[in-house]
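These notes are about the structure you will find just below.
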Amino acid sequence: MRPILLAAFVSVAGCAAEPPEPWPRPFDLPAVPAAYPLPPLPGRSPRIASYTIEARLDERTHQIDGRLVLDWRNTSDKAVDELPFHLYWNAFRSNLSASARGEGPRAARFRKDRDFGYTQPTRVLLLEPAESDLTATLRYVDADGGNPDDRTVAVVRTPAPIAAGATARLRIEWTSHVPHGTVGRAGWVHDYLFIVQWFPKIGVLAKDGQWKAHAFHSTTEFFSDYGNYDVRVTLPERFVVGATGRETEALRNPDGTKTLRFVQEDVHDFAWTACPRFLERRERFDAPGYPAVDVRLLLLPEHAHLARRYLDATRLALRAYGAWSAPYPYAQLTVVDPAWYSGSGGMEYPTLFTGGAPAWARRDLLAPESVTVHEAGHQFWYGLVANDETEEAWLDEGINQYFETRAVDLAYGPEAFAVRYFGGRNQRDARRGIPVVAPGVFMRRGDEHRKDLRRFGREDPLVRRAWEYQSKDSYYLNAYDRPALVYETLENLLGAENMDRVWRTYAHRYRFAHPTTRDLLATLNEVTARDWSAFFDETFYSSGLVDYAASVKQEESRAPRGFLEATSERFVSLDAPTPKPAPAVWDSVVTFERREEARLPVEVLIEFADGRLVRESWDGRDTYKRYAFRAGPKVVRAVVDPEAKLTLDIDRSNNVWRDEDGLARRAALKWSARYLFWLQTLLELHTVLG
């Protein structure tokens with residue numbers, strides 16, 4: 001093996017230098033001036049759908065038998081006589097489901113019989129307003145068209161319409177078979193259980209009387225109404241259990257099981273996990289100006305050494321997201337370290353989320369820090385604002401990705417550049433593969449996002465329902481990376497303080513309210529007193545990319561020859577003696593180009609040899625903007641977007657033109673050569689191992 005390849009191996013996994021302490025580093029959170037008015041936070045949610053649930057787990061057969069009582073209120077303007085219910089685990093019922101026909105790491109895949117699972121309602125009763133057995137009316141529906149074999153949405157019909165503003169109470173009995181945990185977000189792996197989206201859950205009724213109850217696709221997440229949850233779970237006594245809400249009762253049963261009761265108000269889902277090997281760590285988040293939160297970490301023994309890092313990252317999210325949006329209002333938060341090869345890693349549920357750590361948890365790769373901040377951050381958007389993730393994922397995943405990169409960059413600094421082997425596909429897949437790191441090469445905020453934007457950005461506009469993107473790569477780009485870059489660009493254009501005003505206003509006004517993209521745009525326009533519709537047209541509603549470039553052509557000013565006007569001589573011959581040399585002056589043409597479709601306003605900067613600067617704004621509507629200078633000092637630098645505000649720009653290498661004779665050019669070559677040296681090393685290593 002060549003020495004250069006051996007050098008790359010030295011930087012694998014456990015051989016990295018630790019960053020200097022303290023880590024995470026302290027930082028000041030920008031504060032919105034107290035004089036700026038914010039909408040009041042609601043004291044409670046609308047409580048549209050509340051559940052009382054009793055469930056029993058059979059560990060041997062991986063079966064759950066449950067019954068629930070649902071109290072539901074019709075908040076639309078119309079009466080309804082059909083009620084749709086999500087049966088998410090039917091995505092694992094057969095290889096004919098919408099999820100099984102999809103693609104991506106969340107798609108249902110079946111390698112063995114144990115991978116199959118289901119949710120089967122056995123009885124549906126309407127208790128109020130008039131008692132009636134609805135079981136015979138239950139039918140499965142092709143919720144999104146194109147797959148009549150999907151069974152993830154079922155509908156029951158009531159004997160009489162439920163009027164606008166009226167309430168209904170239903171009792172549902174069901175049986176679920178828990179799938180093996182490598183095929184999706186839920187399931188079991190060895191003695192580890194992660195039980196989510198596990199009960200029949202009613203859809204969301206819009207104001208116009210239209211139901212939102214989409215099938216469970218491989219790229220969709222979830223949407224449901226707020227309410228109160230009172231849940232009793234019975235399972236073998238040896239299990240350590242974590243769940244949404246606070247534990248209020250724990251009863252030992254004669255048959256060697258226990259029944260635990262969890263209660264939580266004003267959430268839109270309930271999840272739980274169990275494993276006899278969980279190690280428990282507790283810590284209280286009690287920072288000045290924030291409500292106190294009891295943080296409970298459930299950790300697998302092989303990751304016991306990561307407890308401090310999990311807890312520090314959770315504290316960071318509670319502090320940063322709480323300052324930039326609105327504080328976390330619940331009294332507890334459960335952090336789960338998932339089992340190896342479980343598909344449950346990196347998932348969020350009310351007051352509970354999963355992290356995920358690789359076998360080699362290098363600090364400079366920020367794992368588990370980045371995934372912990374991300375999933376804890378979901379408590380503030382998915383959990384407290386709750387847009388429709390199936391139709392507008394960028395309002396949750398995208399906003400959360402923007403906040404994650406902002407917080408992690410402030411607290412931990414940049415992430416090391418690495419390539420993963422034997423299982424790791426990309427930076428998001430933080431738990432797979434062996435990392436090989438290029439020493440001294442770090443990724444700036446947004447670098448990883450722009451890579452996929454260049455590759456897949458033309459496939460779809462950002463605004464599209466999650467299952468309608470052309471590919472899984474386009475979904476991940478437009479749900480996570482592209483909107484994060486859009487929001488970061490807005491932050492750069494507005495300034496951090498004004499952007500925080502937007503987020504705080506949005507988080508306060510739409511807590512528990514299911515906002516839409518139109519609501520976000522209206523909030524932005526209101527706070528900034530400016531119409532941002534054109535910006536949204538170019539970024540949200542277009543698949544166009546952003547790329548601006550700078551170039552310069554210049555030559556020494558020419559001595560006058562030929563037929564000349566306004567001189568004492570009508571003609572100056574080419575053979576005439578050259579005038580006495582004078583200080584060199586230059587004729588320069590500076591061109592700024594828009595090389596892609598997206599049209600965003602941008603600043604341009606021109607620097608001359610005598611130190612003079614020309615700075616102007618260009619609206620970016622035309623394909624280029626040109627400046628001509630005659631008989632003046634030499635142009636030494638031309639820059640489009642000099643402050644790097646447009647983080648959406650897919651190629652920043654062409655944003656700066658420099659005079660090749662300048663020292664800056666040689667410095668740039670030095671650093672780019674260092675980057676390319678290690679990139680070449682990693683590519684060579686990739687070839688050898690491949």
Side-chain angles (χ1 to χ4, degrees), residues 29 31-32 34 36-51 222-231 242-248 262-272 282-297 311 313-336 347-354 372-387 389 395-396 399-400 403-404 407 500-515 519-520 523:
L29 290 168
V32 176
Y36 186 81
L38 290 172
L41 285 168
R44 48 170 279 182
S45 74
R47 299 183 178 178
I48 295 170
S50 295
Y51 294 81
F222 313 104
F223 184 44
S224 51
D225 271 320
Y226 286 92
N228 297 339
Y229 282 79
D230 187 342
V231 180
T244 295
R246 59 192 182 276
E247 183 180 319
T248 61
F262 297 91
V263 176
Q264 182 60 61
E265 299 81 14
D266 303 315
V267 292
H268 53 70
D269 200 1
F270 184 93
W272 59 281
R282 290 182 179 268
E283 186 169 280
R284 189 170 180 83
F285 173 77
D286 195 10
Y290 295 82
V293 181
D294 290 322
V295 179
R296 184 186 185 211
L297 171 62
L311 292 169
T314 303
R315 292 178 64 87
L316 168 62
L318 290 171
R319 178 170 171 253
Y321 281 70
W324 291 329
S325 59
Y328 181 80
Y330 306 113
Q332 68 288 316
L333 179 61
T334 299
V335 185
V336 181
M347 285 302 300
E348 70 279 0
Y349 298 92
T351 79
L352 179 147
F353 69 88
T354 59
T372 303
V373 172
H374 184 93
E375 303 308 331
H378 272 302
Q379 300 298 316
F380 295 83
W381 301 111
Y382 154 87
L384 291 170
V385 175
N387 67 287
E389 290 187 292
L395 290 181
D396 173 60
I399 292 176
N400 194 44
F403 272 83
E404 175 214 323
D500 291 338
R501 289 178 175 180
V502 173
W503 293 127
R504 281 189 168 187
T505 302
Y506 179 73
H508 279 67
R509 177 169 295 151
Y510 294 108
R511 175 167 285 189
F512 307 136
H514 303 324
D519 296 321
L520 177 60
T523 304

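Nothing fancy with the numbering, it's 1 onward along the sequence.
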Handout entry: Leu384 side chain near Pro329 side chain, heavy-atom distance below 4.5 Å
Key = yes
Problem - Separation of Glu348 CD from Asp396 CG (nearest 0.5 Å) - result: 6.0 Å
Practice task
Considering only NZ, NE, NH1 and NH2 on the basic side and carboxylate oxygens on the acidic side, decide whether Glu283 and Arg315 come within less than 4.0 Å.
Solution key: yes
Handout entry: Min side-chain heavy-atom separation Tyr321-Trp503 under 4.5 Å
Key = no
Practice task
Compute the ring centroids of His268 and Phe512, then answer whether they are less than 6.0 Å apart.
Solution key: no
Problem - Plane angle bin for Tyr510 and Tyr506 - parallel if under 30°, tilted between 30 and 60°, otherwise perpendicular - result: tilted
Problem - Pair Arg284 + Asp294, salt bridge at N-O below 4.0 Å - result: yes
Exercise for the section: Mind telling me whether Phe380 and Tyr328 have parallel, tilted or perpendicular rings, with 30° and 60° as the class edges? Expected result: tilted
Handout entry: Aromatic ring proximity, centroids under 6.0 angstrom, His374 and Phe353
Key = no
Problem - Separation between CZ of Arg511 and OH of Tyr226, rounded to the nearest 0.5 Å - result: 8.5 Å
Completion exercise
So CG of Leu311 and CG of Leu316: to nearest 0.5 Å the spacing works out to 12.5 Å
Handout entry: Spatial distance of atom CZ (Phe270) from atom CG (Asn228) [nearest 0.5 Å]
Key = 13.0 Å
Exercise for the section: Evaluate the ring-ring contact (aromatic ring centres under 6.0 Å, His included) criterion for residues Phe223 and His514: first the C-alpha distance (whole Å), next the side-chain angles of each, then the deciding distance (0.1 Å), finally the verdict. Expected result: CA-CA 9 Å; Phe223 184 44; His514 303 324; 4.7 Å; yes
Practice task
Check whether any side-chain N or O of Thr354 sits under 3.5 Å from a backbone N or O of Met347 as a donor-acceptor pair, and report yes or no.
Solution key: yes
Completion exercise
Taken to the nearest 0.5 Å, the spacing of Gln264 CD from Thr244 OG1 works out to 7.5 Å
Problem - Charged N-O contact under 4.0 Å between Arg296 and Glu247 - result: no
Practice task
Would you confirm whether the ring centroid of Trp324 sits within less than 6.0 angstrom of the ring centroid of Phe403?
Solution key: yes
Problem - Residue pair Val336 / Leu352, side-chain heavy-atom distance below 4.5 Å - result: yes
Problem - NE2 on His378 to CG on Asn400, rounded to 0.5 Å - result: 4.0 Å
